Amino acid sequence: MKIRLLYPDSTLPTYAHETDSGMDLISHEDALIPPGEWRLIGTGIAIELSPLTEAQIRPRSGLASKHGITVLNSPGTIDEGYQGEIKVILINHSSQPFDVTKGMRIAQMVIAPVVRPPIEVFRGELVETTRGNGGFGSTGV
Ligand SMILES: O=c1ccn([C@H]2C[C@H](O)[C@@H](COP(=O)(O)OP(=O)(O)OP(=O)(O)O)O2)c(=O)[nH]1
């Protein structure tokens, strides 16, 4: 994949450890998120994904466990063809205002394969399975 730095002071997202699943996304702006509210935060980057891949924007567990900050639409979907700035929707679930500062690691971005199967439409019965229509706790607690 390619990462495009949109501004002279954009910060490249990096993997904190070489075996990490996600690279940390950096805020390109300051923002104050009041308790219970959310903000759309720019990262100052855009990406060019390889065919049949997507990027998923996921929360950082440290921000969630220490400050109640998570990604509202987690996992955010970055489509293969999206060329705009990657933005992160952060929500503050705590009772304190949360200060996002430019340069802060606010979320992580995981690159994942995408499957787009050919679709066949029909009106008959689905092939029988052992689960059938059972769901939503059908196997017990
Ligand atoms: O957390 C996110 C989620 C999405 N996007 C960008 C990339 C994505 O490809 C595009 C559209 O996202 P999505 O399909 O989730 O949004 P939508 O509400 O369905 O909008 P659209 O009608 O533009 O598809 O917005 C982000 O930058 N951050």
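From a predicted model like this one, the values you see are computed outputs, not experimental measurements. Whatever order the structure lists them in is the order used to number ligands and atoms, beginning at 1.
For atom 14 (O) of ligand 1, a protein heavy-atom neighbour is present inside the 4.0 Å cut-off. The presence of a protein heavy atom under 4.0 Å from atom 24 (O) of ligand 1 is ruled out. Using a 4.0 Å threshold on non-hydrogen atoms, atom 28 (N) of ligand 1 counts as touching the protein. Under the 4.0 Å distance rule, the nearest protein heavy atom to atom 17 (P) of ligand 1 falls outside the cut-off. Within the 4.0 angstrom cut-off, atom 5 (N) of ligand 1 has one or more protein heavy-atom neighbours. Taking a distance limit of 4.0 Å, we find that atom 9 (O) of ligand 1 is approached by some protein heavy atom.
Residues Ile45 and Ile89 do not share a hydrophobic cluster, defined by chaining ILVMFWY side chains whose heavy atoms lie under 4.5 Å apart.
The closest protein non-hydrogen atom to atom 11 (C) of ligand 1 is Asp79 OD2, 3.8 Å. Of all protein heavy atoms, the one lying nearest to atom 26 (C) of ligand 1 is Ile78 CD1, 3.3 Å. Atom 12 (O) of ligand 1 has Thr77 O, 3.9 Å as its closest protein atom, hydrogens excluded (heavy atom only). What sits closest to atom 2 (C) of ligand 1 on the protein, heavy atoms only, is Lys87 O, 3.5 Å.
When all heavy atoms are compared, the tightest approach of Gly36 to Ile91 is O-CD1, 4.4 Å. For Gly44 against His28, the heavy-atom pair with the smallest separation is N-CB, 3.7 Å. Among all heavy-atom pairs drawn from Ile106 and Leu90, the shortest one is O-CD2, 3.7 Å.
Every heavy atom of Val88 sits 4.0 Å or more from the atoms of ligand 1. For the ligand labelled ligand 1, residue Asn73 lies inside the 4.0 Å heavy-atom shell.
Counted within 6.0 Å of CZ on Phe122, heavy atoms from surrounding residues, nucleotides or ligands total more than 12; the atom is thus considered enclosed. No more than 12 heavy atoms of other residues, nucleotides or ligands lie within 6.0 Å of CG in Asn133, so this atom counts as exposed by the packing criterion.
Between His67 and Phe98, the ring planes lie tilted relative to each other; the angle falls in the 30° to 60° range.
In the vicinity of Ile86, heavy-atom distances shorter than 4.0 Å reach the ligand 1 atoms 27 (O). Within the listing of ligand 1, atoms 1 (O) sit less than 4.0 angstrom from a heavy atom of Gly76.
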Exercise. Report the C-alpha distance between Glu80 and Arg116 in whole Å, list the side-chain angles of each, state the deciding distance to 0.1 Å, and finish with yes or no for salt bridge (charged side-chain N to carboxylate O under 4.0 Å, His left out).
Key: CA-CA 12 Å; Glu80 185 186 309; Arg116 289 192 202 97; 3.3 Å; yes
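When each of Thr11, Ile57, Val88, Ile26 is checked for a side chain to side chain contact (heavy atoms under 4.5 Å, CB included) with Thr43, only Val88 meets the rule.
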